[in-house]
Amino acid sequence: MPIQQHEALTPLSAAILFALADGASHGYAIIKEIEDLTDGDMRPNTGSMYLALHRLLEEGLITESSGPGEDARRRYYRLSETGRAAAKAEARRMAQLVRVASAKKLIPGSAL
Amino acid sequence: MRRVAVQLFSLSLQLLPLKFRLRYASEMQDVFLERGRDRSGLALLIFTADEVSGLVATALRARFDPSVLPKSAIAGVIMATALTLVVMRSFPVSTTTSSAVNRMDVSAHDPAGEFTVTIREGKAVAATIDRVPLPRHQIVHRGDSIRIMSRGGEVVLALAYHRDKGQIEWKARSASCRLRAAECVSP
């Protein structure tokens, strides 16, 4: 299968795609997931989050859907196939950078 | 304190481009409320300041983002951003009027948002709701009564015009009509 070229994502866009990797989620849950995944290092404000969500929607990397029955009024977001491929590409890119950083002993004891 | 924080955030949402605001503002407001729920006092103040400054930055970036505004619009936009913080009370109603000979311009806001009415030669000739101009047929002026109608013909805003005093009065619209005031009939 040919490898698609995906442009590098901004840190926040990448974090959003990773947060959605397990399934659809709404805005507040995405922010909480990002904070949890980064141990609090990344705490996007609401404005930045929604601008990033909008860009990802426009680029077709995520799609909107309605929530489950009792939460129908919330807007949920999920990865598209293109978005999942972009997230994988970004993860590979980051892993490569971590390998470089580890080889240069910038990161002590990398598991990669 | 929490009410002021919510009102500051709501006010700051007005900085966002109209289409972006119509699409996301309600959701952003919900997220702000959820994120601020467990905060109080100084923590709430810091959180609110961070969120409001984030909205200012987002508004600037959004106005020059081709995914939010088309490039042709960006080329024509000159952004001069000033954030005016107004502490609003429970039923924020304020008006400003300017009048020249035979003309009165009313600019007002209440919990549902902003509106303007232009009265020329004693007749309401123009109006906007949330900065969107309304067609003439949606402005009905009879005697001392000015009614702003929705597209469906329902009254969304009823004003009493006191020509002799150069004043208007109206019953504040509900906050539940915010961001859809042109089509919302207040309970």
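Just so you know, these numbers use all the heavy atoms, side chains as well, and skip hydrogens, waters and symmetry mates. Since the model is a prediction, treat every value here as computed from it, not as a measurement. Chain A is the first sequence line, chain B the second, and so forth, proteins listed ahead of strands; every chain is numbered from 1.
Using a 4.0 Å cut-off between charged side-chain N and carboxylate O, A:Glu35 and B:Arg35 make a salt bridge. The pair B:Arg23-A:Glu58 meets the salt-bridge criterion, with a side-chain N (NZ, NE, NH1 or NH2) lying under 4.0 Å from an Asp/Glu carboxylate O. A salt bridge is defined here as a Lys NZ or Arg NE, NH1 or NH2 lying under 4.0 Å from an Asp or Glu carboxylate O, and A:Glu90 with A:Arg93 meets this definition.
Using modelled atom types and a 3.5 Å distance limit, the side chains of B:Ser10 and B:Gln29 yield a donor-acceptor pair. A donor and an acceptor atom, one from each side chain of A:Ser80 and A:Thr63, are nowhere located under 3.5 Å apart.
Contact residues of residues 130-142 of chain B toward chain A are absent (heavy-atom distance under 4.5 Å).
Atom NZ of A:Lys32 is separated from atom OG of A:Ser25 by 12.0 Å, given to the nearest 0.5 angstrom.
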